[in-house]
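As structure tokens, the structure follows; a few thoughts come after it.
Per chain, numbering begins at 1; letters A, B, ... match sequence-line order. The basis for the numbers below is simple: all heavy atoms, side chains too, and nothing from hydrogens, waters or symmetry mates.
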Amino acid sequence: MHLLRKETQDLLFSQFENHICKMEYNFTDIEQRWQKYWEEHKTFRTEDDFTRPKFYILDMFPYPSGAGLHVGHPEGYTATDIVARYKRMKGYNVLHPMGWDAFGLPAEQYAIETGTHPAVTTQKNCDNFREQIKSIGLGCDWDREVNTTDPGYFKWTQWIFKQLYNTWFDEGLQKARPVSELDIPGEIKQQGQKAVKDFITGKRLAYYDNASVWWCPTCRIVCANEEVLTDGSHEKCGNPVERKNLKQWMLRIPLYAERLLAGLDELDWPEGIKEMQRNWIGKSYGAEVEFQLEEVDEQLRVFTTRPDTLFGATYMVISPEHPLVQKIITGSMEREVNAYIKAAGMKSELDRTDLSKEKTGVFTGRYAINPVSGKRIPVWVADYVLTGYGTGAIMAVPAHDTRDFEFAKKFDLPIQCIMDPEGADQQLRKEVLEGDACWAEDGTYIHSSNNEKGISIDGLKKRDGIDKITRWLEEKGVGKATINYKIRDWLFSRQRYWGEPFPVIHWEDGEITVVDDSELPVELPELEKYEPAENAESPLANATDWLSVADKNGRKGRRETNTMPQWAGSCWYYLRYIDPKNDEAPFDKAKENYWMPVDLYIGGAEHAVLHLLYSRFWHKVLYDLGIVSTDEPYKKLFNQGMILAFAYETAAGAKVVADLVEERDGKFYHTETGEQLRQIVAKMSKSLKNVVNPDDVVRSYGADSLRLYEMFLGPLDATKPWAENGVKGVFNFLNRAYRFFGDTGNHAEGAEDEEVLKELHKTIKKAGEDIENLHFNTAISQMMIFTNLAIKKGKVTRDTVKDFAKTISPFAPHLAEELWSILGYNPSVSETDWPRYEERHLVEETIEYPVMINGKMRFKLNVPADTSKDELEQLAVDHETAKKWMGGKTPGKIIVVPGKIVNIVV
RNA sequence: GCGGAUGUGGCGGAAUUGGUAGACGCGCCAGACUUAGGAUCUGGUUCUUUCGGGAGUGGGGGUUCGAGUCCCUUCAUCCGCACCA
């Protein structure tokens, strides 16, 4: 498949040297030469020149895996590189850096297996990635490279953790403030030092506490809620997780729910991503209502989005983990309920959340009083009520909630319809009124008044009903309007070696302190073995020397053995690029003020929620503390689509590896069985052997071809399949362009041909606009059109070649540099300005009007651009073809759209 | 079930505010040059046709002089989320 084999290239190279064959497109030579030039001349070095307008373009930095780059990486990187080069030519001071999100499990796993220190593996992989990325010719400032595993970097990750630890959230001001500014209530102070500390701990954004967490026994690690898939398996390894109660570090991200939600409105992000974040935050309006329990002096509080249906609440349900559960159980039910709770605890999340499963539950024997009707209603325990959401208890309104309805039907609980479904059809309405069907939509209230309590919403609709009941609840002091969020505290520790150590010490007297700034970074100790320690502790627990510390009074302490999750380093890396070598601060304030926010952030949609939400959270905290100058980090976000590859399957649907497929006459056959196969599009995977390696593409067709093809494939945000033949297409284009424009024999003096000039200016205009809109595929197609025209013409002027070289330079920079130097210009095309197009070259002198008769295009009319509407009408009607199609009838109406079309209606 | 997106030739995909559907590229067909071609160049390529045309942007309906584009409806695929009270 390779167009030019290595030997052929070498041969051509020597011929090139001897000027025997001067016009061969020897991409390997050209590309290596210019990459060396850029590196030696630091062409893409970014200066902190505050006087110039800035543009900060960011890629989601990669995890440097041992497998190296796949074709998905260069897609985003090329897109940002094109924008970066273009913006630079437009006069912006551009920051387009690259770095490594280098903590992570694979290096640690490898260490466990081979004893190789993760730092060694990581270094090797980073070097490999850097070389691969350099080979595609990115205009990055490599002096700004960051690496999350570098102590000089994670020193500041630890420093930011300290800021989180020393910060509380002032809900009144909706802003984070230092704990030193936290007012301690008098009654807390009276209770002494311990109470004060507990009070502060209760406020810190980062806290260490017992938490019911997901534990993956396979990885021997806790997982954040977000890392557990809906089927109860661990996102990383796919094995089932279980619940465990462990002391862990948590971050109070829910306090920022409102800010994180509101901030989305201002951002130029894909609507889908914003929506996913909104769903994740999960804001809902409703009310909390207190139900008095019978015979125990406790209130049972529920959250509901439908306080208006309170009259229809015929029973209550608490989750098995509800704190009041033991008080609620009555003697006779004790055994049964506890058995149920135990069983629920053993169930996996899969079993508990699977909708198709029958609901289970058990009566506690206890009754509560419906505050609005005064009726006794039973309290049940059931695992369809979630512990972590709302108050962990609900009022059940089976007539108007499908889940409650299902449960009530199964356990034969009363169903009280309180809303007349006027919109429903007769049959359904009858069933709803009789309690035989569930109605969750709007309607008119019935059976919703109680004279004794002075409340009635009968006859109202949902909107007014909610308001009226909520007001009544607040007046009576049995409830209040409440906003609830789905988002939970972020579990921020992992039982791993290869992560940032927490700058924390646990003292023998139970005190927890963070280490002094002067002791940062807290580095990782050298270990003999990387296996996790016993008791769900990280491998760091085995580092006995590193572990124990003592303060100047001889008090003994133990270092925190957990490490931070991989998200930590990626939460703020965009800030470190601004000032990557600073040892005094995470970054210089003036530089931050100049460069932030990120103007364009491109990466995969797989980080839609986690990385982007976490890093927005950190950024907002830093903003509140005055450390950064913007409220949001990423102004514009764009998600590149995934690149898939063709794969093959049998009629039965069995996948066939690419090696065993042969093509004949456009059909595909199994080389061994001869069976005809179906071509499908699938993710690239080792098992299907359909992985495309960018190195191979660079070797066979060159970096410019790789770049161009990645962009020509389709819209940047679309999911699209890779086709080897497509690379050949863009390679042919570059080849033709080089051989034509690079041959000075084709360069003419004097005035340029009108048609060429028009197409050139059209190309400059379209390329510029398309780059701004990230529509790279159509920009490339326009450059192809221009090149085809130029070749057809045979000769173009030097000025035309010059503008073409500039225009193509963001896309195929090596080729552009080569053309630039052939023209005799220096130093680098990257340091010139973007060509200007002139409107006067774009105006058409004649316009070809399509003429339609009754909406069908019948012929074309070529007229001067200044032809009037009336003239045009006349010309069209008089045209022979028109007469033929009108068949002697008179036209009823003639529509003339200037510059567009003529339509004759008969 | 809820939310988001996408359906256009054999394939990847183009089509400002509604205005010539299929740009550009792949593939395919024919020709040229060549010892040769998986190189290069030229031309053709939505389908169908009785060569006048006719049909055509997932399906059905509508608005309009005119619809890939707007409205209603329906189907299919992909991606998130999912007992969130």
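Under the rule for a ring pair (Phe, Tyr, Trp, His ring centres under 6.0 Å), A:H775 has no partner lying at least two apart in sequence or in another chain.
Regarding the sugar-base torsion, B:rG18 falls in the anti class, its angle being beyond 90° of 0. With a glycosidic angle no more than 90° from 0, B:rG9 adopts the syn conformation.
We find that CG of A:L310 is positioned 17 Å from P of B:rA85, with the value rounded to whole Å. Look at CD1 on A:I847: it is 14 Å from P on B:rU20, rounded to the nearest Å. In this entry the distance linking CE of A:M857 with C1' of B:rU20 reads 5 Å, nearest Å. The distance between atom CZ of A:R707 and atom P of B:rG25, rounded to the nearest whole Å, is 21 Å.
Checking B:rG13, B:rC83, B:rG19 against every side-chain atom of A:P715, the shortest atom distance belongs to B:rG13. The nucleotide whose nearest atom lies closest to any side-chain atom of A:M784 is, among B:rC83, B:rG19, B:rG25, B:rG25. Taking every side-chain heavy atom of A:T778 into account, B:rA15 is the closest of B:rA15, B:rC83, B:rC65. Closest to the A:K792 side chain, of the nucleotides B:rG43, B:rU20, B:rC65, is B:rG43. The nucleotide whose nearest atom lies closest to any side-chain atom of A:L713 is, among B:rC81, B:rG12, B:rA85, B:rG12. When distances run from any side-chain atom of A:K359 to the nucleotides B:rG80, B:rG19, B:rC83, the shortest one goes to B:rC83. Looking at the side chain of A:R739, the nearest of the listed nucleotides B:rU40, B:rC81, B:rU16 is B:rU40. When the nucleotides B:rA39, B:rA15, B:rG25 are ranked by their closest atom to the side chain of A:K728, B:rA39 comes out on top. When the nucleotides B:rU40, B:rG12, B:rA85 are ranked by their closest atom to the side chain of A:T305, B:rA85 comes out on top. Side-chain atoms of A:N725 lie closest to B:rC26 of the nucleotides B:rG25, B:rA14, B:rC26.
Along RNA chain B, the nucleotide nearest A:G282 and the nucleotide nearest A:G714 are compared for position; the residue whose nucleotide lies closer to the 5' end is A:G714. Between A:G729 and A:S781, the residue anchored nearer the 5' end of RNA chain B, judged by the nucleotide with its closest heavy atom, is A:S781.
Side-chain N or O atoms of A:Y709 include one that pairs as donor or acceptor with a backbone N or O of A:A723 at under 3.5 Å. Side-chain atoms of A:Y340 come within 3.5 Å of backbone atoms of A:T360 as a donor-acceptor pair (strictly under, hydrogens ignored).
Taking all atoms of both residues into account, the shortest heavy-atom contact from A:V905 to A:N854 is CA-OD1, 3.5 Å. A pairwise comparison of heavy atoms in A:I341 and A:P320 identifies CG2-O, 3.7 Å as the closest pair.
Looking at heavy-atom distances under 4.0 Å, A:S284 makes contact with sugar-phosphate atoms alone, never a base. Among the atoms of the strands shown, none is found under 4.0 Å from any heavy atom of A:D717. In this structure, A:V905 reaches the sugar-phosphate backbone alone: every heavy-atom distance under 4.0 Å involves primed, P, OP1 or OP2 atoms, never a base. A:N777 comes within contact range of the sugar-phosphate backbone alone, with a heavy-atom separation under 4.0 Å but no base atom that close. Looking at heavy-atom distances under 4.0 Å, A:K856 makes contact with sugar-phosphate atoms alone, never a base.
There is no side-chain donor-acceptor pair under 3.5 Å between A:Q416 and A:T314.
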